[in-house]
Asker: 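One structure is given below, represented as structure tokens, and several questions about it will come after.
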2 protein chains.
Amino acid sequence: MTEHCSHSDHASCTLPSSEQVANFLDQAEVLCDRRNLRFTKLRKQVLALVCKAEQPVGAYHLLDELRESGRSAAPPTVYRALDFLLEQGLVHRLATNNTYLACAHPQHPHAAVFLVCSVCGHTQEVHTEGIIAELRRRAEQFDFAIKHASVELTGWCGRCRRSQ
Amino acid sequence: MTEHCSHSDHASCTLPSSEQVANFLDQAEVLCDRRNLRFTKLRKQVLALVCKAEQPVGAYHLLDELRESGRSAAPPTVYRALDFLLEQGLVHRLATNNTYLACAHPQHPHAAVFLVCSVCGHTQEVHTEGIIAELRRRAEQFDFAIKHASVELTGWCGRCRRSQ
DNA sequence: TTTTGTTATGTTATAATATAACGTTATTTT
DNA sequence: AAAATAACGTTATATTATAACATAACAAAA
Ligand SMILES: [Zn+2]
Ligand SMILES: [Zn+2]
Ligand SMILES: [Zn+2]
Ligand SMILES: [Zn+2]
């Protein structure tokens, strides 16, 4: 799960506590209730797994974890749950490495920028409406209307850069 | 192949003529010569196929075309050629739909923004160093050094919007 | 110009990611 | 309760990409 903290030094950011995860799941439940959608046991379980992960996770990793938990599961099991969570803005998908991560701010629909460290895998969701708005303006100059922006910046996080 | 024209109304832009493709291949050859790299028959053939395509193409589509041309080819054949072309900046890969397209300006290494129409598939490479520089500045605030920027904007091109 | 090392390609197999199709179960609506 | 809808189980398969190892082409050295 991406940190919900405000500071930029993510190196000092603690991993999501079980309390934070529970909080996030509660949020998700409220959100689904308001939209008259079913936050089923499967969807909750998959979201919990994505939240608990320190880094964005692959679909088949989630599948393994579902199976380890005792549940009968096949690829469609996890992909259907992920599709639901993506549609509701509860998770994001990273196209550059086919992984999924919990959204840092699921309350409001938004486009986001992702900073993906290619060394340690640490990934940070950055909300910069300014950038997205600027992209939208530029696209308009080309007579293009953006529906979805995928902005994934791969590189080195500070911690990895400092340790070579 | 993305247009090399300056106007923004891509709807009026003609498809790459065989002359334009030949020109592009010549450029690529010069570029490889200068770098002391082998612009082999296979690499040239794959680049030609990517150039001729009206839209970004998938690896297995290229594989089919290679086979149709009479050449013996397997997945590694096309992926190795694509890897070379990607490394040399002659083609780009779109992570959001796993396709490849010729670079509009291979002379200079650059990051680019792609406008991908989800209706007709038309894809335009836009060079906006301003945006990329701004992304780099924002990333720095998070102690992050960008090595590769993937900026893929999916939506509706003007032509498709006007025809519903 | 043979030898030798290096780079590129051929070939087979397999990994990794994702979806189609159809039957069953659970939930909601009538 | 019955019917309709939505979610899930299950099997099979599609799509995208790479591992591993053999052969061929090329370049540098002897
Ligand atoms: Zn988000
Ligand atoms: Zn890192
Ligand atoms: Zn380019
Ligand atoms: Zn279009």
Side-chain angles (χ1 to χ4, degrees), chain A residues 28-29 32-50 53 55-67 69-88 90-101 121 150 152, chain B residues 28-29 32-33 35-50 53 55-88 90-101 121 150 152:
Chain A
E29 185 149 25
C32 289
D33 281 351
R34 275 205 291 259
R35 295 176 188 171
N36 268 310
L37 298 169
R38 303 190 211 162
F39 192 54
T40 63
K41 194 173 171 185
L42 171 64
R43 290 165 177 173
K44 183 171 183 174
Q45 193 178 355
V46 170
L47 182 55
L49 290 172
V50 174
Q55 293 177 6
V57 284
Y60 279 74
H61 179 75
L62 294 171
L63 179 55
D64 288 343
E65 293 189 305
L66 281 180
R67 283 171 168 162
S69 83
R71 171 186 274 277
S72 152
T77 311
V78 63
Y79 280 107
R80 285 194 285 228
L82 285 173
D83 286 346
F84 173 85
L85 298 171
L86 285 167
E87 277 166 17
Q88 300 313 315
L90 291 164
V91 309
H92 293 287
R93 177 178 187 270
L94 298 182
T96 45
N97 60 7
N98 305 313
T99 58
Y100 304 82
L101 74 164
S150 166
E152 303 176 20
Chain B
E29 185 150 25
C32 289
D33 281 352
R35 296 176 188 172
N36 268 312
L37 298 170
R38 301 189 212 164
F39 192 54
T40 64
K41 195 175 172 186
L42 171 65
R43 290 164 178 175
K44 184 172 184 174
Q45 193 179 355
V46 170
L47 183 54
L49 289 172
V50 175
Q55 293 176 5
V57 285
Y60 279 75
H61 179 74
L62 294 170
L63 179 56
D64 289 342
E65 293 189 305
L66 282 179
R67 283 170 168 164
E68 281 166 17
S69 81
R71 171 187 276 275
S72 153
T77 311
V78 62
Y79 280 106
R80 285 194 283 228
L82 285 172
D83 285 346
F84 173 86
L85 298 171
L86 285 167
E87 276 167 17
Q88 300 313 315
L90 291 164
V91 309
H92 293 288
R93 176 176 188 272
L94 297 182
T96 46
N97 59 8
N98 304 314
T99 59
Y100 303 82
L101 75 164
S150 167
E152 303 176 21

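Residue numbering restarts at 1 for every chain, and letters A, B, ... go by the order of the sequence lines.
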Asker: What pairs of donor and acceptor atoms, side-chain ones from residues 58-66 of chain B against any protein atom, are under 3.5 angstrom apart with sequence neighbours left out?
Answerer:
none

Asker: In whole angstrom, give the distance that lies between atom CG of B:Asn36 and atom P of D:dA27.
Answerer: 10 Å
Asker: Take atom NE2 of B:His61 and atom P of D:dA17, then tell me their distance rounded to the nearest Å.
Answerer: 15 Å
Asker: Closer to the 5' end of DNA chain D via nearest nucleotide, is it B:Gly58 or A:Leu42?
Answerer: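 Final value for this comparison: A:Leu42.
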Asker: If the cut-off is 4.0 Å, is B:Thr77 near the phosphate of C:dT11, judged by side-chain N/O to OP1 or OP2?
Answerer: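 It does not, given that no N or O in the side chain of B:Thr77 lies less than 4.0 Å from OP1 or OP2 of C:dT11.
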Asker: Between residues 63-71 of chain B and DNA chain D, which residues have a heavy-atom gap below 4.0 Å?
Answerer: none
Asker: How close or far is atom C1' of C:dG10 from atom CD of B:Gln45, stated in whole angstroms?
Answerer: 15 Å
Asker: Could you measure the distance from the CG atom of A:Leu47 to the CZ atom of A:Phe84? Nearest 0.5 Å is fine.
Answerer: 9.5 Å
Asker: Could you tell me the separation between the CG atom of A:Leu82 and the P atom of C:dT17, rounded to a whole number of Å?
Answerer: 13 Å
Asker: Could you tell me which residues satisfy side-chain hydrogen bond (donor to acceptor under 3.5 Å, both in side chains) with A:Thr77, sequence neighbours excluded, listed by chain and number?
Answerer: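 Applying side-chain hydrogen bond (donor to acceptor under 3.5 Å, both in side chains) to A:Thr77 gives none.
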Asker: Look at the side chain of A:Asn98 and decide which nucleotide, out of C:dA18, C:dT11, C:dT9, has an atom nearest to it.
Answerer: C:dA18
Asker: Distance check needed: D:dA17 P versus B:Asn97 CG, whole Å only.
Answerer: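 Rounding to the nearest Å, CG of B:Asn97 and P of D:dA17 are 10 Å apart.
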Asker: Does OP1 or OP2 of C:dA18 have a side-chain N or O of A:Tyr79 closer than 4.0 Å?
Answerer: yes
Asker: Are D:dT15 and B:Tyr60 stacked, with the base six-membered ring and the side-chain ring centres under 5.5 Å apart and planes under 30°?
Answerer: no
Asker: Consider side chain to side chain contact (heavy atoms under 4.5 Å, CB included). Of B:Leu82, B:Val78, B:Leu49, which one does B:Tyr100 pass it with?
Answerer: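 Passing option: B:Leu82.
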Asker: Round to a whole Å and report the spacing from CG of B:Leu86 to P of D:dA17.
Answerer: 10 Å
Asker: Can you check side-chain contact (heavy atoms from CB on, under 4.5 Å) on B:Leu85 and B:Val46, steps first, answer last?
Answerer: CA-CA 9 Å; B:Leu85 298 171; B:Val46 170; 3.9 Å; yes
Asker: Report, one line per pair, each donor and acceptor closer than 3.5 Å where one atom sits in a side chain of residues 32-41 of chain A; sequence neighbours left out.
Answerer:
unit_1: A:Arg35; atom_1: NH1; unit_2: A:Gln88; atom_2: O; d: 3.1
unit_1: A:Arg35; atom_1: NH1; unit_2: A:Gln88; atom_2: OE1; d: 2.8
unit_1: A:Thr40; atom_1: OG1; unit_2: A:Arg43; atom_2: N; d: 3.3

Asker: Once side-chain contact (heavy atoms from CB on, under 4.5 Å) is applied, do any residues pair with A:Asp83, and if so which ones, sequence neighbours excluded?
Answerer: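 A:Asp83: side-chain contact (heavy atoms from CB on, under 4.5 Å) contacts with A:Leu86.
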Asker: What pairs of nitrogen or oxygen atoms, one from the protein and one from nucleotides 21-30 of chain C, lie under 3.5 Å apart?
Answerer:
none

Asker: Of the options D:dT11, D:dT16, D:dT18, whose atoms approach the side-chain atoms of B:Pro75 most closely?
Answerer: D:dT18
Asker: Can you tell me if B:Tyr100 touches the phosphate of D:dT16, counting only side-chain N or O atoms and a distance under 4.0 Å to OP1 or OP2?
Answerer: no
Asker: Measure from CG on B:Asp83 to C1' on D:dA19 and round the result to the nearest Å.
Answerer: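 In whole Å, D:dA19 C1' and B:Asp83 CG are 14 Å from each other.
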Asker: Tell me the closest heavy-atom pair linking A:Pro56 and A:Gly121, and the distance in Å.
Answerer: CD-O, 4.0 Å
Asker: Nearest 0.5 angstrom please: A:Asn98 CG to A:Arg93 CZ, how far?
Answerer: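 Going from CG on A:Asn98 over to CZ on A:Arg93, the span is 5.0 Å.
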Asker: Can you measure from CD (A:Glu152) to OG1 (A:Thr99) and round to the nearest 0.5 angstrom?
Answerer: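 Between atom CD of A:Glu152 and atom OG1 of A:Thr99 there are 7.5 Å.
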Asker: Specify the angle, to 10°, made by the local axes at the two ends of the helix from C:dT1-D:dA30 to C:dT30-D:dA1 when five pairs are taken at each end.
Answerer: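 What I find for the helix from C:dT1-D:dA30 to C:dT30-D:dA1 is an axis angle of 30°.
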Asker: Give A:Phe39 one of three labels, base, sugar-phosphate or nothing, depending on what nucleic acid heavy atoms sit under 4.0 Å from its own.
Answerer: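 The residue A:Phe39 makes no contact with any strand.
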